[in-house]
Amino acid sequence: QVQLVESGGGLVQPGGSLRLSCTASGFLVSDYAMSWYRQAPGKERELVAGIVSAGGSRNHADSMKGRFTISRDNAKNTVYLQMNSLKPEDTAVYYCRARIYTLTYWGQGTQVTVSS
């Protein structure tokens, strides 16, 4: 059974950092494309960053390039999102997504709040 569990969210001051984790079960994160999305109140869910299986090529949304980094630890079957220089507009629920063939799986989300 495929399961994605996010953790690491919380309250952080502007300019601070957080690292989100997405631990997978039921499949190997090294074998499939993994992504982070976020959804702020009243807004649509948007792509934050993705990492493909072969070669580990990554992409990040333009507004987050240089601040956010997606990575993967195959031994822990976990995908991370390192977020630096956080801004109030980064406040959202962050979701992990796995694309396995034609199926899409989501985690339950973790809240990130950037506020002083």
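For clarity, every value in this text was computed on a predicted model and none was experimentally measured.
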Checklist entry - What is the distance from atom CH2 of Trp36 to atom CE of Met64, rounded to the nearest 0.5 Å? => result 13.0 Å
Checklist entry - Does CD in Glu44 sit with more than 12 non-hydrogen atoms of other residues, nucleotides or ligands closer than 6.0 Å? => result no
Item to check | For Lys65, salt bridge (Lys or Arg N to Asp or Glu O under 4.0 Å) partners two or more places apart | outcome: Asp62
Quick one: side chains of residues 12-22, donor-acceptor pairs under 3.5 Å with protein atoms, not counting sequence neighbours, listed by atom name and distance.
from  : atom 1 : to    : atom 2 : distance (Å)
Ser17 : OG     : Asn84 : OD1    : 2.9

Checklist entry - Could you go step by step and tell me if Leu28 and Asn74 meet the side chain to side chain contact (heavy atoms under 4.5 Å, CB included) rule? => result CA-CA 8 Å; Leu28 297 178; Asn74 294 338; over 6 Å; no
Checklist entry - If you group Ile, Leu, Val, Met, Phe, Trp and Tyr whenever their side-chain heavy atoms sit less than 4.5 Å apart, what else falls in with Val5? => result none
Checklist entry - Is a donor on one side and an acceptor on the other found under 3.5 Å between the side chain of Asn77 and the backbone of Ala24? => result yes
Next on the checklist: Main chain of Gly26, side chain of Gln1: is a donor-acceptor contact present, judged purely on distance under 3.5 Å?
Outcome noted: no
Item to check | Val29 vs Thr78 side-chain heavy atoms within contact, under 4.5 Å | outcome: no
Donor-acceptor pairs under 3.5 Å, side chain of residues 109-116 to any protein atom, not counting sequence neighbours: which ones?
from   : atom 1 : to     : atom 2 : distance (Å)
Thr110 : OG1    : Gly9   : N      : 3.2
Gln111 : NE2    : Ala92  : O      : 3.4
Gln111 : NE2    : Thr113 : OG1    : 3.3

Checklist entry - In Å and rounded to the nearest 0.5 Å, what is the OH to CD1 distance from Tyr105 to Ile100? => result 5.5 Å
Item to check | Under 4.5 Å side-chain linkage, directly or through intermediates, the cluster mates of Val93 | outcome: Tyr37, Leu47, Tyr95, Trp106
Next on the checklist: Looking at every heavy atom in both Ala49 and Leu81, which two are closest together, and how far apart are they?
Outcome noted: CB-CD1, 4.3 Å
Next on the checklist: With a 3.5 Å distance limit and no angle check, can you tell me whether Arg72 reaches the backbone of Val52 through a side-chain donor-acceptor pair?
Outcome noted: yes
Checklist entry - Distance from Leu4 atom CG to Phe27 atom CZ, nearest 0.5 Å? => result 5.0 Å
Checklist outcome for this item: Separation between OG (Ser85) and CZ (Phe68), nearest 0.5 Å, reads 9.0 Å
Item to check | Same apolar cluster: Ile70 and Tyr80, side chain cutoff 4.5 Å | outcome: no
Checklist entry - What are the two closest heavy atoms between Arg38 and Glu89, and how far apart are they? => result NH2-O, 4.1 Å
Item to check | Arg99 versus Thr104, closest heavy-atom pair with distance | outcome: NH1-OG1, 2.7 Å
Item to check | Contacts of type salt bridge (Lys or Arg N to Asp or Glu O under 4.0 Å), residue Arg67, not counting sequence neighbours | outcome: Asp90
Checklist entry - Met34 and Val2: same hydrophobic cluster, using ILVMFWY side-chain contacts below 4.5 Å? => result yes
